[in-house]
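Quick notes on the structure that follows.
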Amino acid sequence: MSLRRRHPVRLRLRLRLRLRLPQLLLTTALLGALLGPPAAAASRPPVPLRVVTYNVHAGAGADNVFDLDRQTAELRSIKADVIGLQEVDRHWGARSEWRDLAGELAERLGMYVFFAPIYSLNPAEPGGPRAEYGVAVLSRYRILSAENHEITRLSTQDPNPVPAPAPGFGEVVVRVKGQPVHVYVTHLDYRPDPAVRVAQVADTRRIMAEDRGPKVLLGDFNAEPGAPELAPLWAELTDAGPEAPTFPAQDPVKRIDYVAVSKAAQVRRAWVPESVASDHRAVVADLVLRGR
């Protein structure tokens with residue numbers, strides 16, 4: 001009997017809910033319009049980020065003397081959140097004392113590291129570490145993902161090189177106060193003929209176009225801002241500046257080192273510290289990541 005008595009009650013409740021549903025939806029819509037979006041969907045406040053690009057010349061200064069302590073002190077004084085490094089040795093040879101420069105700098109600065117080799121050669125002795133040379137990213141923020149992309153290169157290890165895809169275009173994704181940021185580090189071809197750089201810029205644009213959100217490109221481009229081969233980059237990215245030369249470190253005359261950002265990042269200021277800890281000067285930029 002108890003089951004039979006409950007059925008009509010359930011039926012009446014269902015009918016009342018069905019009748020009231022349009023009124024509930026209308027009320028919810030009106031409240032949403034008055035109160036605005038929920039806090040989770042609201043625009044995020046701008047997020048500051050200090051980035052650096054630095055060609056470390058395999059740990060040697062403008063005097064060509066290997067001294068990682070000088071470069072550590074230089075980078076520590078900048079207090080960067082993210083650093084892109086070029087000309088990084090990893091057990092490469094006697095010039096850098098067979099050391100892992102990216103790993104050591106990261107440990108000394110208390111940062112996470114991703115190393116992207118351009119060259120990875122067999123060890124000098126069986127069982128030893130591979131001899132590697134390339135680029136690296138150091139980050140105060142945990143690295144969520146990383147990839148070593150291939151771009152067109154003309155090998156310096158081949159006596160008769162031809163342009164071909166090769167690794168050494170590093171990409172990491174870091175989360176900066178809840179905001180995913182793509183950071184890329186590169187070292188473009190140094191030869192006077194810009195043909196390889198033209199191909200490298202095309203490869204760079206293709207790779208970066210696959211990603212969304214704030215993007216930061218750090219690197220030694222081996223070309224000055226007005227070089228025709230760099231023009232496609234400036235159509236999509238902002239050169240953080242400043243209009244100050246970066247090479248050579250002692251009495252510099254060329255600006256070939258860059259911080260470049262996508263539209264989702266705004267440049268507050270940028271500067272080139274005076275230093276001879278490497279044969280290049282670093283470029284530092286204070287950015288603001290725009291809320292979404």
Donor-acceptor pair, distance only, cut-off 3.5 Å: does the side chain of [X] make one with the backbone of [Y]?
{"X": "T53", "Y": "G219", "value": "yes"}
{"X": "R95", "Y": "A58", "value": "no"}
{"X": "R290", "Y": "K263", "value": "yes"}
{"X": "S155", "Y": "Q157", "value": "yes"}

If you compare all heavy atoms of [X] against all heavy atoms of [Y], which two are closest, and at what distance to 0.1 Å?
{"X": "A102", "Y": "L138", "result": "O-CD2, 4.0 Å"}
{"X": "G241", "Y": "A270", "result": "O-CB, 3.6 Å"}
{"X": "A60", "Y": "Q71", "result": "O-NE2, 3.5 Å"}

Grouping I, L, V, M, F, W and Y whenever their side-chain heavy atoms are under 4.5 Å apart, do [X] and [Y] come out in a common cluster?
{"X": "V88", "Y": "F66", "result": "yes"}
{"X": "Y141", "Y": "V288", "result": "no"}
{"X": "V172", "Y": "L144", "result": "no"}
{"X": "F114", "Y": "Y54", "result": "no"}
{"X": "V176", "Y": "I78", "result": "no"}

Nearest 0.5 Å please: distance from the [atom1] atom of [X] over to the [atom2] atom of [Y].
{"X": "T204", "Y": "E171", "atom1": "OG1", "atom2": "CD", "result": "11.0 Å"}
{"X": "H187", "Y": "I118", "atom1": "NE2", "atom2": "CD1", "result": "7.0 Å"}
{"X": "E147", "Y": "H182", "atom1": "CD", "atom2": "NE2", "result": "11.0 Å"}
{"X": "R90", "Y": "E104", "atom1": "CZ", "atom2": "CD", "result": "11.5 Å"}
{"X": "L218", "Y": "T186", "atom1": "CG", "atom2": "OG1", "result": "10.0 Å"}
{"X": "H57", "Y": "E87", "atom1": "NE2", "atom2": "CD", "result": "6.0 Å"}

Name of the residue among N222, L154, V196 meeting side-chain contact (heavy atoms from CB on, under 4.5 Å) with R191: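 Option passing the side-chain contact (heavy atoms from CB on, under 4.5 Å) with R191: L154.
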
Sole candidate of V181, V216, V82 that passes side-chain contact (heavy atoms from CB on, under 4.5 Å) when paired with L287: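 Testing each of V181, V216, V82 against L287, the sole residue satisfying side-chain contact (heavy atoms from CB on, under 4.5 Å) is V216.
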
Measure the shortest side-chain to side-chain distance between [X] and [Y] over non-hydrogen atoms and say whether it is less than 4.5 angstrom.
{"X": "D286", "Y": "W271", "answer": "yes"}
{"X": "E125", "Y": "P123", "answer": "no"}
{"X": "V135", "Y": "L85", "answer": "no"}
{"X": "V253", "Y": "P245", "answer": "no"}
{"X": "P117", "Y": "N148", "answer": "yes"}
{"X": "L101", "Y": "S96", "answer": "yes"}
{"X": "D89", "Y": "E132", "answer": "no"}
{"X": "K215", "Y": "V261", "answer": "no"}

Test side-chain hydrogen bond (donor to acceptor under 3.5 Å, both in side chains) applied to N122 and R130, step by step: CA-CA 5 Å; N122 290 329; R130 295 186 67 80; 3.1 Å; yes

Under 3.5 Å side-chain donor-acceptor pair for Q200 and T152: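 No, because no side-chain N or O of Q200 sits under 3.5 Å from a partner of the opposite role on T152.
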
S275 and R281: side chain donor to acceptor below 3.5 Å: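 No, R281 and S275 have no side-chain donor paired with an acceptor closer than 3.5 Å.
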
Pair T246-R255, side-chain hydrogen bond (donor to acceptor under 3.5 Å, both in side chains): steps then yes or no: CA-CA 5 Å; T246 61; R255 184 158 86 91; over 6 Å; no

Trace of the side-chain hydrogen bond (donor to acceptor under 3.5 Å, both in side chains) decision for D220 with Q86: CA-CA 7 Å; D220 175 357; Q86 303 87 41; over 6 Å; no

Residues forming a side chain to side chain donor-acceptor pair (under 3.5 Å) with S262, sequence neighbours excluded: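 Checked S262 against side chain to side chain donor-acceptor pair (under 3.5 Å); zero matches.
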
Pair I143-V173, side chain to side chain contact (heavy atoms under 4.5 Å, CB included): steps then yes or no: CA-CA 6 Å; I143 295 172; V173 178; over 6 Å; no

Within 6.0 angstrom of R268 CZ, more than 12 heavy atoms from elsewhere: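 Result for CZ/R268: open.
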
Residues K254, E224; criterion salt bridge (Lys or Arg N to Asp or Glu O under 4.0 Å); working and verdict: CA-CA 7 Å; K254 294 182 179 180; E224 297 194 70; 5.6 Å; no

Connected-component partners of V201 among ILVMFWY, side-chain separation under 4.5 Å: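 I151, F169, Y184, L188, I207, M208, L217, F221, L230, L233, W234, L237, Y258, listed by chain and number.
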
Audit row: V113, E107, side chain to side chain contact (heavy atoms under 4.5 Å, CB included) steps and yes/no: CA-CA 9 Å; V113 60; E107 184 175 359; over 6 Å; no

Residue pair R108, L68: steps toward the side chain to side chain contact (heavy atoms under 4.5 Å, CB included) verdict: CA-CA 10 Å; R108 293 179 180 199; L68 202 61; 4.1 Å; yes

W92 and Y119 aromatic ring geometry - parallel, tilted or perpendicular at 30°/60° bounds: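 The arrangement is tilted - the two ring planes meet at 30° to 60°.
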
Carboxylate-amine/guanidinium contact D189 R153, below 4.0 Å: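 Looking at D189 and R153, the cut-off is not met.
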
Short N-O contact, R50 and D81, less than 4.0 angstrom: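 Here R50 does not pair with D81 in a salt bridge, since their nearest N and O are not under 4.0 Å apart.
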
With D63 via salt bridge (charged side-chain N to carboxylate O under 4.0 Å, His left out) - residues at least two apart: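 Testing D63 for salt bridge (charged side-chain N to carboxylate O under 4.0 Å, His left out), a comparison that skips the adjacent residues, returns R70.
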
